[in-house]
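First comes the structure, then the notes that go with it.
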2 protein chains.
Amino acid sequence: MAQPDFDLRDFTPYLLAVAGEVASLEFAAVYKARYGMTRSEWRVLFHLGRYGPMTATEIGARARLHKTKISRAVRALELKRFVSRETLEEDRRSERLALRAPGRAAYADLGTAAAAFEARLEARLGAEEARDLRRMLRRLADLD
Amino acid sequence: MAQPDFDLRDFTPYLLAVAGEVASLEFAAVYKARYGMTRSEWRVLFHLGRYGPMTATEIGARARLHKTKISRAVRALELKRFVSRETLEEDRRSERLALRAPGRAAYADLGTAAAAFEARLEARLGAEEARDLRRMLRRLADLD
DNA sequence: CGCGAATGGTTGCGCGCGCAACCATCCGCG
DNA sequence: CGCGGATGGTTGCGCGCGCAACCATTCGCG
């Protein structure tokens, strides 16, 4: 063996993956159970709710989602009557995506749930550590 | 909107997911390119290399992998001649999985790459912060 | 001993995903 | 104007995944 002292529990990508799975799956269960939504759909919904109407490309840049994911997520949200599309006059290739009333309701509901989830997490880690954690993750994710 | 000040960039599960994607995909490119391995296969290989022969169930407990993932990963690694199976005498339902020579070589190679990757990451975050990050992630992942 | 529950592992199925190819529209430059 | 490349978005394809159902073996308890 090359480096017998190198433990997987000290390998940050592994820890990120496991911690991410634990956290994401737990919250994913909420929007999946309540609205039958996928993770991509949740991210799109959240971005539209939080930052207002925008195009698919803008969502992609903000939400770190591949355009195919967005395309399929938007179609699914459209079928749920959560979002509306409107072709832009100034560039008829792109469309303005906006939340409809049911979408806004779902956003408010899930936003509350997300805030509660985050609060529980902070309680577990402690406010200061949770803040530090977020700061480091933001750096890792190039989100600065 | 319910809580217009709740930003996604402060939502830990989101940050974990994005940071995890960035880190995992970057390293995944290595074992995918060199050995055509999947993430599950890499985890199984690493555990067998690091901790020695064990059964699929033991890997599952250590590596946080669902048993179906392990089953398929083991079959793939077997086809690559990386692992061997041997039915246990004392319980003929389970089998002892062990690395073969090519598997050990791949483990050594990827272990070195992983250590280098981790070192670069530490250089970016600073040694102290990187250690804190790992500690918090371990707590989140229930790996204590 | 014998039967039902528990355990180790595999498999069929439907789904979300990433990739590459594609269509439509727009822009830049001769 | 017109043609080639760039851009916004969609789709076909193969794959890895999670779930539930399943097979074989073993365990627990009457």
Side-chain angles (χ1 to χ4, degrees), chain A residues 17-18 20-22 24-26 28-29 31-33 35-45 47-48 53-80 83-98, chain B residues 17-18 20-22 24-26 28-29 31-33 35-45 47-48 53-80 83-98:
Chain A
V18 175
E21 278 164 23
V22 171
S24 285
L25 262 74
E26 194 174 333
Y31 51 70
K32 188 176 176 188
Y35 303 102
M37 280 175 33
T38 194
R39 197 156 66 103
S40 302
E41 291 173 53
W42 152 244
R43 280 206 205 169
V44 168
L45 180 86
H47 275 81
L48 289 177
M54 61 181 94
T55 74
T57 301
E58 288 170 321
I59 295 180
R62 283 180 175 274
R64 304 249 152 168
L65 282 178
H66 192 270
K67 60 182 183 172
T68 62
K69 276 195 199 177
I70 299 178
S71 173
R72 295 187 240 249
V74 168
R75 181 169 44 194
L77 290 171
E78 209 183 358
L79 288 175
K80 292 185 177 74
V83 313
S84 62
R85 300 177 193 249
E86 180 190 350
T87 302
L88 287 186
E89 275 316 307
E90 60 269 32
D91 184 344
R92 281 163 44 214
R93 289 172 301 178
S94 51
E95 23 193 27
R96 171 190 145 104
L97 304 169
Chain B
V18 174
E21 277 163 24
V22 170
S24 285
L25 262 74
E26 194 173 332
Y31 50 70
K32 189 176 174 186
Y35 304 101
M37 281 176 30
T38 193
R39 198 156 66 101
S40 302
E41 291 172 53
W42 150 243
R43 280 206 205 170
V44 168
L45 180 86
H47 275 81
L48 290 177
M54 61 181 95
T55 73
T57 301
E58 288 170 320
I59 295 180
R62 282 181 177 273
R64 303 250 153 171
L65 281 178
H66 193 271
K67 59 180 182 171
T68 63
K69 277 195 199 175
I70 298 178
S71 173
R72 295 187 242 249
V74 168
R75 182 170 42 195
L77 291 171
E78 209 182 0
L79 288 176
K80 293 185 177 74
V83 312
S84 63
R85 302 176 192 248
E86 182 190 349
T87 302
L88 287 186
E89 275 315 306
E90 61 268 32
D91 184 343
R92 281 161 47 214
R93 290 170 301 179
S94 49
E95 22 192 29
R96 170 191 146 104
L97 305 169

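Each chain gets a letter, A, B and so on, in the order the sequences are listed, and its residues count up from 1. None of the values given here were measured: they were computed from a predicted structure. Hydrogens, waters and symmetry mates play no part in the numbers below; they use all other heavy atoms, side chains included.
Atom NZ in B:K69 sits about 16 Å away from atom P in C:dT10, given to the nearest Å. Between A:E41 atom CD and C:dC17 atom P the separation is 9 Å, expressed in whole Å. For the pair B:I59 CD1 and C:dG9 P, the interatomic distance rounds to 9 Å; values are reported in whole Å. The distance from atom CZ of A:R75 to atom C1' of D:dT11 is 8 Å, rounded to the nearest whole Å. Spacing between atom CZ of B:R39 and atom P of D:dC15 amounts to 19 Å, rounded to whole angstrom units. Going from atom CD of B:E78 over to atom P of C:dG9 covers 13 Å, rounded to whole Å. One atom, NE2 of B:H66, and another, P of C:dT10, lie 13 Å apart when rounded to the nearest Å. To the nearest angstrom, P of C:dG16 lies 16 Å from CZ of A:R43.
For A:S71, the listed nucleotide lying nearest its side chain is D:dT11; candidates were C:dC19, C:dT25, D:dT11. Of the candidates D:dT10, C:dG8, D:dG18, D:dT10 carries the atom nearest the A:T68 side chain, counting heavy atoms from C-beta on. Listed nucleotides: D:dC13, C:dG9, C:dG12. Nearest to the side chain of A:R72: D:dC13. If you check D:dT11, C:dT25, C:dG9 against the side chain of A:D91, the one that comes closest is C:dT25. Nearest to the side chain of A:K67, among C:dC19, D:dT26, D:dT10, sits D:dT10.
Put simply, A:S40 has no side-chain N or O that comes within less than 4.0 Å of OP1 or OP2 on C:dG16. Phosphate contact (OP1/OP2 of C:dC27, side-chain N/O of A:R92, threshold under 4.0 Å): absent.
Proximity of A:Y31 to A:R39: side-chain heavy atoms (C-beta onward) are separated by under 4.5 Å at one or more points. For the pair A:T57/A:K67, no side-chain contact is recorded, criterion being any heavy-atom separation below 4.5 Å from C-beta on. Here the side chains of A:K69 and A:R43 are not in contact, with every heavy-atom distance at 4.5 Å or above. You'll find the side chain of A:K80 stays beyond 4.5 Å of the side chain of A:L45, heavy atoms only.
Under the salt bridge (Lys or Arg N to Asp or Glu O under 4.0 Å) criterion, B:E86 pairs with B:R96, not counting sequence neighbours. Every residue meeting the side-chain hydrogen bond (donor to acceptor under 3.5 Å, both in side chains) condition with A:E78, not counting sequence neighbours, appears here in chain and number order: A:R85.
Each of A:E89 and B:R96 has a nearest nucleotide on DNA chain C; the 5'-most of these lies closest to B:R96.
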Contact state string [nucleotides 1-7 of chain D, B base, S sugar-phosphate only, - no protein heavy atom under 4.0 Å]: -----BB

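Residue contacts for B:T38: at a heavy-atom cut-off of 4.0 Å it reaches the sugar-phosphate backbone alone, with no base atom in range.
The distance from the OG atom of A:S84 to the CG atom of A:L48 is 9.0 Å, given to the nearest 0.5 Å.
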